[in-house]
*Asks:* 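First, the structure itself, so that you have it in front of you.
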Amino acid sequence: MAIEQGPPTADNPWPVALLGAKLRDWIDRLGTAWVEGEITQWNVAGGNVYGKLKDVEVDATVSFSIWSSVRARVPADLKQGARVVAAVKPNYWVKGGSLTMQVVEMKHVGLGDLLERLERLRRSLAEEGLFDPSRKKRLPFLPHRIGLITGKDSDAEKDVKRNAQLRWPQVEFRTVHTAVQGERAVGEVTAAIVELDADPTVDVIIVARGGGDFQNLLGFSDEGLVRTAAAAATPIVSAIGHEADRPILDEVADLRASTPTDAAKRVVPDVAEELANVRQARARLGLRLSHVLSVEADRIASLRSRPALASTAWLVDTRAEEVARDLSRARELVDRRLERSHADVGHLTARLRSLSPRDTLRRGYAIVQTTDGGVVRGSDDLDGATPVHVTLGAGTATGTLEPDGPGPDGSGSGSGS
């Protein structure tokens with residue numbers, strides 16, 4: 001029976017076989033494609049391999065199968081966690097309605113390719129300034145609580161805690177167990193950094209792992225994880241424990257420790273060492289204080305032995321002599337000033353007397369005034385017999401004056417009684 005291939009409608013639907021055939025045809029057109037990813041599942045059954053391949057950057061996974069005929073051509077050391085490139089051919093199985101990726105060829109990602117990619121990312125982050133020493137935060141001298149990100153029951157966890165508590169028994173830990181390799185490592189470590197950074201009681205965060213091969217450490221060079229560590233407000237210590245191929249997390253961390261044990265020693269001070277330092281500081285302080293006190297005591301003794309402080313009578317005597325000398329000079333100056341002032345007064349008195357009308361009167365002159373106080377200067381000032389008041393050189397007199405014709409200079413004169 002021929003299968004109708006017209007447009008499907010509710011009245012004229014396609015059979016399931018037709019839909020499956022069309023899907024198979026469309027998928028077959030894709031052909032073979034090269035893909036890159038990380039093997040997250042590797043199961044061998046009947047000589048065939050059934051596994052899953054995950055994208056190394058985003059959350060995307062596809063299933064794949066390697067038939068026994070192809071398996072002989074792929075590297076024998078492939079396993080879960082390996083980073084690979086594979087030539088896959090999508091295959092849609094119409095009868096079962098499933099899509100599989102048949103691997104035609106598979107090989108490890110070249111180490112050179114990985115290193116080149118990491119180097120490009122490293123340069124890009126360096127240009128942004130994420131490796132700049134000036135942005136690295138100082139670790140607290142004595143952290144009260146340490147955030148630890150590591151694998152559960154790992155040697156790294158035991159090393160960090162044992163060495164930290166040996167150095168400072170009161171130190172506390174908040175541990176977040178995560179995968180430290182494989183597909184879950186990046187997401188879990190990133191989430192742990194965010195979680196511990198948000199905890200105000202955590203003073204420093206240690207990311208610890210006991211080393212490993214290059215591919216196992218690739219997660220610690222993930223750009224998202226690295227940027228999360230760089231943005232954290234809490235100081236971060238990278239203790240991945242791999243010296244030859246340093247992950248990028250080592251570059252952005254505020255401190256890189258060569259091993260988890262080294263991290264514990266760099267983060268936590270040694271109580272015995274610190275007590276010894278305190279004792280040494282106290283001893284140095286005591287010696288310094290004793291020296292200063294000794295110098296000052298000698299200085300005070302030297303000052304007290306000087307004549308000025310040995311006997312205080314000289315101070316009073318010296319001041320008394322100065323006061324007597326100043327008093328004598330003051331008296332001399334006052335007497336001199338008084339004499340000068342007396343002489344000045346005498347001169348002024350003589351001048352005043354020489355200018356006084358009274359001296360003129362003593363020479364025989366007189367001042368004649370009418371009863372109303374007017375001064376009589378000539379007979380014209382008299383109106384008949386005029387009562388007058390006469391001021392003499394010695395005493396006064398009264399009388400009457402009458403005009404008596406003009407005087408020698410043509411002015412009027414008078415006669416009186």
*Asks:* Do Arg319 and Glu322 sit within salt-bridge range, that is, some charged N less than 4.0 Å from a carboxylate O?
*Replies:* yes

*Asks:* Given side chains that start at C-beta, do those of Glu128 and Arg227 come closer than 4.5 Å, heavy atoms only?
*Replies:* yes

*Asks:* Salt-bridged, Arg325 to Glu321, with N to O below 4.0 Å?
*Replies:* no

*Asks:* What's the spacing between Ser341 OG and Glu339 CD if we round to 0.5 Å?
*Replies:* 10.0 Å

*Asks:* May I ask you to check whether over 12 heavy atoms, not counting those of Lys52, lie within 6.0 Å of atom NZ?
*Replies:* no

*Asks:* Is it true that Asp262 and Arg266 have a side-chain N and a carboxylate O under 4.0 angstrom from each other?
*Replies:* yes

*Asks:* Is there a side-chain contact between Val390 and Ile367, using heavy atoms and a 4.5 Å cut-off?
*Replies:* no

*Asks:* Please check: side-chain N/O of Asp159 versus main-chain N/O of Pro260, any donor-acceptor pairing under 3.5 Å?
*Replies:* no

*Asks:* Is there a donor-acceptor pair closer than 3.5 Å between any side-chain N or O of Thr190 and the backbone N or O of Val186?
*Replies:* yes

*Asks:* Can you name the nearest heavy-atom pair linking Val104 to Arg73, along with the distance?
*Replies:* O-NH2, 3.4 Å

*Asks:* Which value, rounded to the nearest 0.5 Å, describes the distance between Glu223 atom CD and Ser124 atom OG?
*Replies:* 6.5 Å

*Asks:* Taking the side chain from Asn163 and the backbone from Ala264, do they hold a donor-acceptor pair closer than 3.5 Å?
*Replies:* no

*Asks:* Report the residues that fulfil side-chain contact (heavy atoms from CB on, under 4.5 Å) with Asp11, sequence neighbours left out, ordered by chain and then residue number.
*Replies:* Thr9

*Asks:* Can you check whether Ile205 reaches Val202 side chain to side chain, under 4.5 Å on heavy atoms?
*Replies:* yes

*Asks:* On a heavy-atom basis, which atom in Ala230 and which in Leu130 lie closest, and how many Å separate them?
*Replies:* CB-CD2, 4.1 Å

*Asks:* Please test Ile206 against Val160 for side-chain contact (heavy atoms from CB on, under 4.5 Å), starting from the C-alpha separation and ending with a verdict.
*Replies:* CA-CA 9 Å; Ile206 299 177; Val160 171; 4.1 Å; yes

*Asks:* State, yes or no, whether a side-chain contact exists between Leu142 and Pro269 at a heavy-atom distance under 4.5 Å.
*Replies:* yes

*Asks:* Looking at Thr391 and Thr396, would you say the former's side chain and the latter's main chain have a donor-acceptor pair under 3.5 Å?
*Replies:* no

*Asks:* If we ignore hydrogens and angles and just use 3.5 Å, is the side chain of Asp132 paired with the main-chain N or O of Arg135 as donor and acceptor?
*Replies:* no

*Asks:* Can you list the residues that meet the salt bridge (Lys or Arg N to Asp or Glu O under 4.0 Å) rule with Lys137, with sequence neighbours excluded?
*Replies:* Asp254

*Asks:* With distance as the sole test, does Ser290 use its side chain to make a donor-acceptor pair with the main-chain N or O of Gly286 at under 3.5 Å?
*Replies:* yes

*Asks:* Is there side-chain contact between Glu105 and Trp34, with at least one heavy-atom pair below 4.5 Å?
*Replies:* yes

*Asks:* Does Asp250 offer a backbone N or O that forms a donor-acceptor pair with the side chain of Arg256 under 3.5 Å?
*Replies:* no

*Asks:* Just so I know, are the side chains of Gln80 and Gln41 near enough to count as touching, which here means a heavy-atom distance under 4.5 Å?
*Replies:* no

*Asks:* Within this structure, what is the CG-CG distance for the pair Leu23 and Asp28, rounded to the nearest 0.5 Å?
*Replies:* 10.5 Å

*Asks:* Write down the atom of Pro247, the atom of Ser221, and the distance for their closest heavy-atom approach.
*Replies:* CA-OG, 3.4 Å

*Asks:* Apply the test side-chain contact (heavy atoms from CB on, under 4.5 Å) to residues Leu166 and Arg162: give CA-CA distance (whole Å), side-chain angles for both, the deciding distance (0.1 Å), then the verdict.
*Replies:* CA-CA 6 Å; Leu166 282 174; Arg162 180 175 61 252; 4.1 Å; yes

*Asks:* Please identify each residue that fulfils salt bridge (Lys or Arg N to Asp or Glu O under 4.0 Å) with Asp55, with sequence neighbours left out.
*Replies:* none

*Asks:* Okay, side chain of Thr150, backbone of Ala208: is any donor-acceptor separation there less than 3.5 Å?
*Replies:* yes

*Asks:* Among side-chain atoms of Thr201 and Arg145, is any donor-acceptor pair under 3.5 angstrom?
*Replies:* yes

*Asks:* Do the rings of Trp42 and Phe64 sit parallel, tilted or perpendicular, given the 30° and 60° boundaries?
*Replies:* tilted

*Asks:* Can you name the closest pair of heavy atoms from Ala229 and Val252 and give their distance?
*Replies:* CB-CG2, 4.3 Å

*Asks:* Which heavy atom in Leu196 sits nearest to a heavy atom in Leu148, and how many Å separate them?
*Replies:* CD1-N, 4.0 Å

*Asks:* Do Arg329 and Glu332 sit within salt-bridge range, that is, some charged N less than 4.0 Å from a carboxylate O?
*Replies:* no

*Asks:* When you look at Val207 and Phe220, which way does the side-chain contact (heavy atoms from CB on, under 4.5 Å) test go after all the steps?
*Replies:* CA-CA 10 Å; Val207 182; Phe220 296 98; 3.9 Å; yes

*Asks:* I want to check something: taking the side chain as every heavy atom from C-beta on, are Val267 and Ile146 in contact at a cut-off of under 4.5 Å?
*Replies:* yes

*Asks:* What closest approach, in Å, do Thr259 and Ala239 show between heavy atoms, and which atom pair accounts for it?
*Replies:* O-CB, 3.9 Å

*Asks:* Does any N or O in the side chain of Thr349 come within less than 3.5 Å of the main-chain N or O of Val345, such that one atom is a donor and the other an acceptor?
*Replies:* yes

*Asks:* Closer than 4.0 angstrom, basic N to acidic O: yes or no for Arg83 and Glu36?
*Replies:* yes

*Asks:* Can you tell me how far CZ of Arg122 sits from CZ of Phe131, rounded to the nearest 0.5 angstrom?
*Replies:* 6.0 Å

*Asks:* Run Met106 and Leu78 through side-chain contact (heavy atoms from CB on, under 4.5 Å) and show every step you take.
*Replies:* CA-CA 9 Å; Met106 180 178 284; Leu78 289 177; 3.6 Å; yes

*Asks:* What I want to find out is whether Glu195 reaches Arg174 closely enough, with some N-O distance under 4.0 Å, to be called a salt bridge.
*Replies:* yes

*Asks:* Would you check if the side chain of Ser294 reaches a backbone N or O of His291 as a donor-acceptor pair within less than 3.5 Å?
*Replies:* no

*Asks:* Distance from Leu333 atom CG to Leu338 atom CG, nearest 0.5 Å?
*Replies:* 11.0 Å

*Asks:* How many angstroms lie between CD in Gln369 and OG1 in Thr398, if you round to the nearest 0.5 Å?
*Replies:* 13.0 Å

*Asks:* Using a 4.5 Å cut-off on heavy atoms from C-beta on, say whether the side chain of Met101 contacts that of Lys89.
*Replies:* no

*Asks:* With no hydrogens and no angle check, do the side chains of His177 and Glu188 hold a donor and an acceptor under 3.5 Å apart?
*Replies:* no

*Asks:* Indicate whether the side chain of Thr175 and that of Lys161 have a donor and an acceptor atom separated by less than 3.5 Å.
*Replies:* yes

